[in-house]
Number of protein chains: 2
Amino acid sequence: MKITIYDVAEKAGVSIATVSKVINNTGNMRDTTRQKVMKVMEELNYFPSVMASALTGKKTQTLGLLVPDISNPFFSEMARTIEDRAHERGLSVIMCSTDEDEEKEKKYLELLRRKQVDGFIIASSFHEKKLLEDIKSAGIPLVMLTQDAGSLGVTSVSVDDFTGGYEATSHLLSLGHQNIVIITEQRLSSKMRLYGFREAYETYGYNYDESMVYQTVASIENGKTCLEEILKRSDQPTAVFACNDLIAIGVIQGAREQGIRIPQDLSIVGFDNTILATTTVPSLTTVAQPVNEMGKKVVDVIVSNINKEEENAERILFKPKLIVRDTSARLTSK
Amino acid sequence: MKITIYDVAEKAGVSIATVSKVINNTGNMRDTTRQKVMKVMEELNYFPSVMASALTGKKTQTLGLLVPDISNPFFSEMARTIEDRAHERGLSVIMCSTDEDEEKEKKYLELLRRKQVDGFIIASSFHEKKLLEDIKSAGIPLVMLTQDAGSLGVTSVSVDDFTGGYEATSHLLSLGHQNIVIITEQRLSSKMRLYGFREAYETYGYNYDESMVYQTVASIENGKTCLEEILKRSDQPTAVFACNDLIAIGVIQGAREQGIRIPQDLSIVGFDNTILATTTVPSLTTVAQPVNEMGKKVVDVIVSNINKEEENAERILFKPKLIVRDTSARLTSK
DNA sequence: ACGATTTAGTTAAGCGCTTTCTTAATTTGC
DNA sequence: GCAAATTAAGAAAGCGCTTAACTAAATCGT
């Protein structure tokens with residue numbers, strides 16, 4: 001049925017040990033022997049079983065990637081760069097969407113451990129820190145993506161969210177907006193953006209207060225709902241900083257439905273610079289994360305962890321970049 | 001180091017066979033014994049190795065999913081429903097983006113076979129039919145998604161592309177458009193949409209000819225480029241049917257840059273009804289595929305193939321649904 | 001109460017590979 | 001030309017699990 005190393009060995013007239021050596025390109029052997037074995041492998045269309053070799057201490061050549069939701073363009077774009085880089089390095093990746101749900105986080109982590117993935121890339125925020133600690137103490141490489149690892153001594157790759165939040169807000173402030181509202185998510189990265197927001201706000205000498213902060217879960221629908229809430233305020237903000245593009249788009253759509261003109265009546269800044277930012281109209285002013293670089297970096301880090309080349313936990317911060325498009329404009333005095 | 005079945009057996013004072021039986025819930029045994037073993041597994045935080053059990057004839061509980069590009073919203077949305085359904089059925093999925101590139105198709109297929117995935121879901125079109133035949137003759141379950149399997153006797157799950165193309169075109173024709181242009185991809189599904197286009201065209205008594213057909217690769221950029229080509233025509237079409245949303249968006253953007261008003265000067269219909277169709281402005285008239293149903297179905301089919309519940313190759317066609325939004329309008333006589 | 005059944009749990013082979021020892025075959029030095 | 005050093009190839013154990021075949025213990029019928 002399935003071709004095994006035994007079939008190859010037999011047909012080539014050598015032992016399975018020899019075949020194994022040519023597969024792994026190890027040990028000494030006559031070149032003619034190597035050629036002969038390779039030829040037979042070719043003829044038999046033989047592929048060594050990753051299962052079997054993983055069982056004998058080798059790696060599974062598989063990475064586990066946990067994201068909140070792969071259908072969110074930010075994460076699917078990120079997943080794509082991760083996938084490509086991983087393949088370059090000889091790894092495949094199993095993706096899991098957690099919806100930031102505690103049950104799923106746990107379930108998928110367990111599942112992936114049973115599958116003996118060589119390492120984890122975690123872009124989903126984590127409720128149960130202990131699960132991550134378990135992984136770490138089990139010696140399985142682990143890198144946080146898009147968020148800091150907190151006290152856990154683990155490398156993280158993310159954008160400088162604080163600065164991103166700061167710049168987005170400064171941009172709005174410099175356009176004359178004084179009454180700005182922010183819509184965050186509960187993830188840590190969002191919190192950092194909020195701190196940046198606050199910092200900018202106060203730097204400009206304005207008073208920051210809690211009532212300017214709205215929290216929701218990333219989706220267009222929720223962005224709309226949030227805007228409705230915001231419109232109930234007695235003081236009407238002239239700008240909103242949404243902590244990701246999806247929410248920003250929701251705000252844009254909600255505004256349109258309400259007959260609020262963008263950017264004349266309301267300026268909006270998003271975060272992530274996903275494909276949506278360019279396809280929406282007016283096109284969205286947003287903070288770009290260098291998705292490609294981040295994706296590459298995160299797999300490089302995990303690969304070197306796997307190979308034990310290094311192990312020093314570090315925070316790798318990429319520079320965000322404000323991309324000014326058409327949803328933000330100078331406040332015109334009424 | 002890693003906890004194995006031996007550790008559990010020893011601590012529970014039974015043989016590994018007994019432990020194996022409680023893991024798999026097979027064989028007879030005293031309830032107290034089962035409890036005892038389970039307790040120990042719990043205490044030791046033991047997870048059976050999928051590797052090892054796969055090696056002994058069991059499944060790997062992993063599916064291979066090949067898509068053209070996971071960062072394309074259509075495929076990421078599809079991937080999400082597949083992932084969810086797969087997890088419900090106890091499977092995880094390894095995703096690979098082929099870019100419809102022959103080399104990658106081959107490489108990933110090979111890779112996934114080495115990893116002994118239990119089955120393949122193939123949403124990427126395939127240049128080298130032989131690769132698929134190999135899989136089939138190796139007895140590995142295989143389902144085509146989003147496209148027909150052609151002569152290969154393999155189940156396929158897709159939308160009725162012909163009808164979708166027909167309806168999109170009829171819609172345009174019924175709005176009075178007579179000079180319509182179509183932008184296709186090279187994939188089979190696109191060809192079927194083209195046939196539907198042609199059928200509708202001729203049903204309305206107009207002459208179809210090859211020059212109305214443009215072909216490209218799915219991306220916004222290419223959609224734009226295509227529009228440029230189209231604008232060079234001596235006869236200006238009043239409508240374009242793009243075989244997927246990405247291209248349609250490109251056309252919209254290109255049109256805007258050229259100062260062409262949509263839908264007054266040019267009507268556009270897309271295909272797929274991705275998130276982009278709702279976020280673009282004007283919102284895109286497009287043909288929706290029931291992504292959720294399709295994703296579920298494709299997993300169910302492959303699971304039943306894996307379990308050998310059935311094996312009859314069939315073509316499963318879902319009904320497309322035209323969603324009329326704001327990029328298509330009645331042709332106003334000039 | 002005793003053999004016949006049924007039930008509970010064990011032994012051991014085997015899945016497809018890697019790897020450490022060994023041994024056999026070559027090559028080298030003088 | 002022969003022992004010493006080097007190189008090529010093989011034997012066998014082991015990775016963590018499943019399962020068929022088997023044995024021991026419990027249950028049953030009469």
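Note that these values count all heavy atoms, side chains included, but never hydrogens, waters or copies made by symmetry. Labels below follow one simple rule: chain letters A, B, ... track the order of the sequence lines, proteins then strands, and each chain is numbered from 1.
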Figure out the NZ/P separation between B:Lys2 and D:dC17, and round it to whole Å.
7 Å
Candidate pair B:Glu128 and B:Lys106, rule salt bridge (charged side-chain N to carboxylate O under 4.0 Å, His left out), full reasoning:
CA-CA 8 Å; B:Glu128 191 64 77; B:Lys106 179 161 182 197; over 6 Å; no
Would you mind classifying the nucleic acid contact of B:Lys58 as base, sugar-phosphate or nothing, using non-hydrogen atoms under 4.0 angstrom?
sugar-phosphate
Report the distance from atom CG of A:Asn28 to atom P of D:dG10, rounded to the nearest whole Å.
14 Å
So what does B:Ser49 hit on the nucleic acid, given a heavy-atom distance under 4.0 Å: a base, only sugar-phosphate, or nothing?
sugar-phosphate
Outermost DNA chain C nucleotides near chain B [under 4.0 Å, heavy atoms]:
C:dA8 to C:dG16
Touch class at under 4.0 angstrom, heavy-atom based, for A:Val19 against every strand present:
nothing
What residues form a side chain to side chain donor-acceptor pair (under 3.5 Å) with B:Thr33, not counting sequence neighbours?
none
Examine D:dG14: is either OP1 or OP2 under 4.0 Å from a nitrogen or oxygen in the side chain of A:Thr56? Give yes or no.
no
Checking side chain to side chain contact (heavy atoms under 4.5 Å, CB included) between B:Ser156 and each of B:Gln147, B:Glu314, B:Met144, which is the one that passes?
B:Met144
Using a cut-off of 4.0 Å on non-hydrogen atoms, how would the nucleic acid contact of A:Thr33 be classed: base, sugar-phosphate, or nothing?
sugar-phosphate
Rounded distance in Å - CD1 (A:Ile16) to P (D:dG14)
15 Å
Nearest-Å distance, CD1 (B:Ile5) to C1' (D:dG14)?
16 Å
Measure CD/A:Gln35 against C1'/D:dA8 and give the value in whole Å, please.
16 Å
Counting any heavy atom closer than 4.0 Å, what does B:Ser15 reach on the DNA or RNA strands: base, sugar-phosphate only, or nothing?
base
A:Met51 or B:Val14: which one's nearest nucleotide on DNA chain C is closer to the 5' end?
B:Val14
Reckon B:Thr4 touches a base, only the sugar-phosphate, or nothing at all at heavy-atom distances under 4.0 Å?
sugar-phosphate
Answer with base, sugar-phosphate or nothing: what part of the nucleic acid does A:Ser20 contact at a heavy-atom distance below 4.0 Å?
base
Rounded distance in Å - OH (B:Tyr6) to P (D:dC17)
8 Å
